[in-house]
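Comments concern the structure below.
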Amino acid sequence: AKLLGIDAVDAVVARCVRDVEAIDVHTHLLPPTHGNLLLWGIDELLTYHYLVAELFMVMPCVSEEDSVSVGDAAPSPDDFYGWPKPRQAELVFEELFVKRTPLSEACRGVVTTLSRLGRGEQLRAAVRLPSRPRLTALRDWFAAQDASDHLERVFRLSKLKYAGAGAAERRREPVNGASSHTSVPTVMTNIPFAPEEAEHWTASPQPPLTPRLKTALRVDPMLVGDWRGICSVLRRASPPHPLSMEGCVAYLKEWVRRIRPIYLMASTPAGFTYTPTAAGPAAAELLEGALLRVAMEEGLPLALKVGAVRGANPALQAGGDGVEVSRLDWLRTLCAGYPSVKFLVTVLSAVNQHELCVLARKFGNLHVYGCWWFCNNPSIIETTTRMRLEMLGTAFTCQHSDARARDSSSRPSGTAPAPSRRRLLRAQVLDQLVYKWAHSREAVTPVLAAQYRKLLEAGWPLSEADVERDVGLLFGGAYEEFLAK
Ligand code: RAT
Ligand code: ZN
């Protein structure tokens, strides 16, 4: 193979990172067959909870008590969430894009997405309009798109992999998807505990699933130790399951059979440890007695997301979650105590990234993936990726998109949003794939190139094929290898 000189490295890395078909190991997308649970368009992009949080940083403070609507100028979060989406979007646009420069990562994301969808001129025209509504032309364009065609367009623009198998073939694959490692596509987040999603999976006959999307079983109530919420789900199931650990296991297994997930996934609540509490089977017991048991018996990896503080400011709903530096000692115990279970782990606090790398070096059953949410900013992606390359080589997955979340997954039943509010929270925004992947590729490229330059200077013969292979590993290949090993 032709060896690369130091001057050629930047261009080769840039090309490989630009062209690699990535695997998106965690998104909140759902198939077009789930009707209005797959969302796209300007109103969805602008009401992304990252942007709603930014809107309320600059809105005048209105207390909930005197929330007599002061009109559009200063809604309280509750007023705002009560508005129709287009009205919300217009306000976000006015405050963050017209009155201010959209410098933040989430704002820039909207600009990148629209430009790459060929809507740049309409965006610039919208900013020039003297008053609201400014977004009508963009709204009309999105409304004219067919859901499946748009999904294909977005996947092409984001350079995400195709999958070879449709639903029927998919059902014949081994549960952990190990045999399909030549073509694992985007992974969804499927929540049997969210009735509005569950109904789509229980309908019979099941419509074929787009080959672009793979399933993952999201079970946050297990780690929250939300026994009340779990019981109400077990009670409602048809046929109902016993309100016991056995009932939980049976319920999870039924869902494993139903959707054939690649992995089980849960985010840990703030301050998560193993310490059992007095009331009902606590998180630790549910983890051991149900989740790990199902993982072992079904041969499924367990994906954990660590460090979110749900409802730090509840008024902001999905935009109100925060971050904490987590203790990770329990993860060490898990990896050591359950060597036959594979753990896919990401952390929300930049402070936890180093400890997570060390853990991944110690345990072959731990795979680190992505720069999650508050870490999904170029500066943190750069620092984190540099550290991971230095500590893990290519044995990690550099990014996932998390394309728009809903949050009904994560809230304990007691704090579940009212149905009208839940409607606002469940959306996933397909178009976000475009900017999330474009910006991630942009951030990873110089970091990887710099690491190669150092290696060349140290005396290593590097070929273009090496770079191509490594980039493939970082953007999904290492994840597939981990699942298959
Ligand atoms: O990243 C997000 O948008 C969050 O709201 C969460 O949904 C998070 O990604 C999660 O999966 O819990
Ligand atoms: Zn997510």
Side-chain angles (χ1 to χ4, degrees), residues 23-30 37-39 44-54 81 104-106 109-110 113 186-194 197 213-224 226 261-270 272 302-314 316-324 326 344-350 352 369-377 380-381 397 399-412 415-417 421-422 424-433 435-437 439-440:
I23 294 165
D24 203 338
V25 304
H26 168 66
T27 74
H28 295 261
L29 301 175
L30 287 168
L37 293 186
L38 175 78
L39 297 179
E44 306 301 339
L45 278 167
L46 287 168
T47 53
Y48 188 21
H49 65 78
Y50 293 26
L51 291 174
V52 174
E54 290 179 28
Y81 280 116
S104 75
E105 173 63 8
V110 175
T113 304
T186 295
V187 183
M188 302 179 275
T189 299
N190 306 109
I191 309 172
F193 295 102
E197 178 174 347
L213 302 167
K214 284 243 176 191
T215 46
L217 195 61
R218 179 80 180 236
V219 291
D220 284 26
M222 295 275 165
L223 289 194
V224 178
D226 177 20
I262 293 183
Y263 55 68
L264 305 169
M265 174 179 263
S267 69
T268 55
F272 181 75
L302 179 57
L304 296 169
K305 303 165 75 63
V306 184
V309 178
R310 304 294 179 182
N313 180 357
L316 288 181
Q317 301 190 16
D321 294 348
V323 63
E324 68 174 10
S326 304
L344 293 152
V345 181
T346 197
V347 287
L348 193 52
S349 164
N352 279 128
Y369 72 93
C371 295
W372 179 28
W373 195 353
F374 304 122
C375 284
N376 197 354
N377 297 315
I380 302 179
I381 298 172
T397 301
Q399 194 50 309
H400 68 273
S401 76
D402 225 315
R404 176 59 168 95
R406 67 181 131 209
D407 76 349
S408 50
S409 60
S410 46
R411 263 161 233 289
T415 63
R421 289 164 72 199
R422 201 185 290 129
L424 300 167
L425 299 172
R426 71 188 178 187
Q428 6 280 302
V429 185
L430 175 64
D431 310 299
Q432 287 169 344
L433 289 175
Y435 95 79
K436 300 243 183 182
W437 281 103
H439 291 190
S440 292

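We count ligands from 1, going down the list as the structure has it; atoms in each ligand are counted the same way. These numbers were taken from a predicted model, which means no experiment stands behind them.
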For ligand 1, which is the ligand I care about here, please tell me if [X] has any N or O atom under 3.5 Å from one of the ligand's N or O atoms.
{"X": "Arg310", "value": "yes"}
{"X": "His26", "value": "yes"}
{"X": "His49", "value": "yes"}

- Query: Would you call the rings of Trp373 and Tyr50 parallel, tilted or perpendicular if under 30° counts as parallel and over 60° as perpendicular?
  - Reply: parallel
- Item | Considering all heavy atoms, the nearest Cys375-Ala350 contact |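 Here Cys375 and Ala350 meet closest at SG-N, 3.7 Å.
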- Message: If you compare all heavy atoms of Leu348 against all heavy atoms of Ala308, which two are closest, and at what distance to 0.1 Å?
- Response: CD2-CA, 3.6 Å
- Out of Trp373, Phe374, Trp372, whose heavy atom sits nearest atom 4 (C) of ligand 1?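 Considering heavy atoms of Trp373, Phe374, Trp372, the nearest to atom 4 (C) of ligand 1 sits in Trp373.
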- Message: For N/O/S atoms only: which one belongs to Asp402 and is nearest the Zn ion (ligand 2)?
- Response: OD1
- Item | the Zn ion (ligand 2) to His26: nearest N/O/S atom name | NE2
- Item | Check against side-chain contact (heavy atoms from CB on, under 4.5 Å), Asp24 and Leu433 | CA-CA 9 Å; Asp24 203 338; Leu433 289 175; 3.2 Å; yes
- Message: Using a 4.0 Å heavy-atom cut-off, which part of Arg218 comes near ligand 1: side chain, backbone, both, or neither?
- Response: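 The part of Arg218 near ligand 1 is the side chain, not the backbone.
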- Item | Short side-chain to backbone donor-acceptor contact, Gln399 and Trp437, under 3.5 Å |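 Answer holds: no.
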- Item | Result of checking Leu45, Thr27, Thr113 against Gln432 for side chain to side chain contact (heavy atoms under 4.5 Å, CB included) |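 Single pass found, and it is Leu45.
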